[in-house]
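Take a look at the structure set out below.
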Amino acid sequence: MTVPGWFSEAKFGVFIHWGPYSVPAWAEPTGELGAVDPEMWFAHNPYAEWYWNTSQIEGSPAYEHHRTVHGGRPYDDFLDAWQAESFDPADWIELFARAGARYVVATTKHHDGVALWDAPGTGTRNTVHRGPHRDLIADLATAVRARGLRFGAYYSGGLDWYAGRRAVIRHEDLIDDYGRPHEAAYAAYALRQVRDLIDRYRPDVLWNDIGWPDAGMADLPDLFAHYYATVPEGVVNDRWDGAHADYLTSEYQANRQNEAAAHWENCRGIGLSFGFNRNEGPEHLLDPAAAVRLLVDVVSRGGNLLLNVGPKADGTLPGEQRAVLEGIASWTAAHAGAVYATRPLDPGAAMSHDGTPWIRWTRDDDHAYAFLADVPDSARGQVLLKTGPGMLDPATAVRLDGRPVRADAVPDGIVVTSAELGAPLPTVVRFALTTSRSVD
Ligand SMILES: CC(C)[C@@H]1NC[C@@H](O)[C@H](O)[C@@H]1O
């Protein structure tokens, strides 16, 4: 499993889930994938992008909502209701870039089968011919690359409730493969669309989801060969039913075992949903400090964070989600050097710590970076960093935000003394790695 340098150095990407589901924008903020009782999941799905499915499960709150608010109208109506009248891709990408994102992955076709480009086989059921009347993938790819970021394409190969089987997925009668389409006709349909995405947009990331149709598995070696020939620095995720993976993915708290891989990416929403969910309040969203600490934790363990935004149907980013990205941006402005193009610090060199204080580490060739947060008042501005003997030079301690810091060697590490260490947003102290010991 190998990845191009740009991907391993990127550390942070932004995911975009945008589609007809952004019109109802309705789900129950039940909880995080991996922490919700699977028996509850489908009928109380917190993923607003699953609205077509959830709203067809009789007795579910989404079913009642769809009946009473939308009169049980066909889901297809939401494509025409989706106008994207305020869509300004450059504004989105500017915010993502300031927040420190190095790549952006956009849904090109989610499970509802609606394409955000003039996809072959969709006729007029796409955003070029209906709803926004725009090639949203071209708009986004152009804006992303104009800002110097990499562009990735998400494609739902394993589920397509329009071109594939329309089985409503309920827990109690869960079809062994979630009602996924496996027939040859759908496999050909999906293959043609992914090849079109490659040829038109040359995505730097090929992010497939929910696997690939059985009848199409034999097509994949040639598809990947074509992809790498077209995009030499391209990278492919792991959701192709085992056919191939340049890196592994985890989602919220699910598949965390994949984070032991050499290359991995954790993805989640800023809230509990990928598509915009009007029912989410501040209590359901990461605040800036939690988002930064999630990024730091993932990077300290050698992964990338792909953090999702769910735009509204009009093309604006929800204010609460913008605020989180702005918070990440202001922290990143002073601390980028401790995050990007770094790698995990050998556990033997220094210990991370959960709780109070919260401690994480990264390193580059010459320095180690300690991230400190939630230092209790009782610590009176002092934190013991448990480090291996002679690995870090306390005399070289520098706070990246420029505030004064003192570091003293003690028998089992280094004591750092500084004011205002207790912020929920991490304070970063940089140390020179001594040449006396290799810490790799
Ligand atoms: C991680 C993200 C891409 C999620 N994958 C599983 C989907 O069912 C979900 O809606 C979302 O796209």
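Being a predicted model, the structure only gives us computed values, none of them experimental. Indexing begins at 1, ligand by ligand and atom by atom, following the structure's order.
Checked against a 6.0 Å centroid threshold, the rings of Phe274 and His110 do not count as neighbours. Taking the six-membered ring for Trp and the full ring otherwise, Phe42 and Trp50 have centroids separated by under 6.0 Å.
For ligand 1, the atoms closer than 4.0 angstrom to any heavy atom of Tyr47 are 9 (C), 10 (O). Listed by number with element, the atoms of ligand 1 under 4.0 Å from a non-hydrogen atom of His110 are 9 (C), 10 (O), 11 (C), 12 (O). Numbered from 1 in the order shown, with element, the atoms of ligand 1 that lie under 4.0 Å from a heavy atom of Phe15 read 3 (C). Residue Cys267 has at least one heavy-atom neighbour below 4.0 Å for each of these atoms of ligand 1: 1 (C). Annotation for ligand 1: atoms under 4.0 Å from non-hydrogen atoms of His111 are 7 (C), 8 (O), 10 (O).
Remark: among candidates Glu49, Arg239, Arg268, His17, the nearest residue to atom 9 (C) of ligand 1 is Glu49, based on non-hydrogen atoms.
Between His44 and Glu28, the side chains place a donor N or O and an acceptor N or O closer than 3.5 Å (distance only, hydrogens not considered). Side-chain contact, Thr249 with Asp238: a donor N or O sits under 3.5 Å from an acceptor N or O. Judged by distance alone, the side chains of Lys109 and Tyr155 do bring a donor and an acceptor atom under 3.5 Å apart.
Here the heavy atom of the protein found nearest to atom 5 (N) of ligand 1 is Asp209 OD2, 2.7 Å. Here the protein heavy atom with the shortest distance to atom 4 (C) of ligand 1 is Glu251 OE2, 3.4 Å.
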message = Set out, in order, the CA-CA distance, both residues' side-chain angles and the distance that settles side chain to side chain donor-acceptor pair (under 3.5 Å) for His284 and Asn279, then state yes or no.
response = CA-CA 9 Å; His284 303 115; Asn279 294 324; over 6 Å; no
